[in-house]
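Encoded as structure tokens, the structure appears first; notes follow it.
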Amino acid sequence: MATKRPRYMISVDDEMFNAIEDFRFERRFPTRSEATAELIRIGLEQLKKDMDAKKIGRMPDLQKDV
């Protein structure tokens with residue numbers, strides 16, 4: 001079952017690997033790849049929400065203390 005979607009590999013530490021596996025099995029994703037893609041999608045959506053909220057002044061500057 002070939003796909004034309006772009007592919008790439010990442011390396012993660014044991015803690016992150018286990019968190020991805022827990023997410024995968026708790027939500028019954030058939031593959032680790034699908035679970036990882038969903039986690040990335042969720043993270044990107046949240047980042048966009050946070051950035052949009054910051055633009056309209058509803059959120060403190062998170063980078064101020066960095």
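Just so you know, these numbers come straight off a predicted model, no measurement behind them.
- No chain of hydrophobic side-chain contacts below 4.5 Å, direct or via other Ile, Leu, Val, Met, Phe, Trp or Tyr residues, connects Leu47 to Phe23.
- No path of Ile, Leu, Val, Met, Phe, Trp and Tyr side chains, each step under 4.5 Å between heavy atoms, connects Met51 with Leu44, placing them in separate hydrophobic clusters.
- Ile20 CD1 to Phe29 CZ: the interatomic distance, rounded to the nearest 0.5 Å, is 12.0 Å.
- The residues Asp52 and Lys48 are annotated as salt-bridged, a charged nitrogen and a carboxylate oxygen being separated by less than 4.0 angstrom.
- No chain of hydrophobic side-chain contacts below 4.5 Å, direct or via other Ile, Leu, Val, Met, Phe, Trp or Tyr residues, connects Met9 to Leu39.
- If you take CZ on Arg41 and CD on Glu45, they are separated by 4.0 Å, rounding to the nearest 0.5 Å.
- Within 6.0 Å of CG in Asp13 there are more than 12 heavy atoms belonging to other residues, nucleotides or ligands.
- Between Pro30 and Arg24, the shortest heavy-atom contact is O-NH2, 2.9 Å.
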Worksheet item: Passes side-chain contact (heavy atoms from CB on, under 4.5 Å), Ile42 versus Glu38? Steps please.
Response: CA-CA 6 Å; Ile42 290 168; Glu38 179 66 6; 3.8 Å; yes
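- Residue pairs meeting the side chain to side chain donor-acceptor pair (under 3.5 Å) criterion with at least one member in residues 26-36, sequence neighbours excluded, are Glu21-Arg32, Thr31-Glu34.
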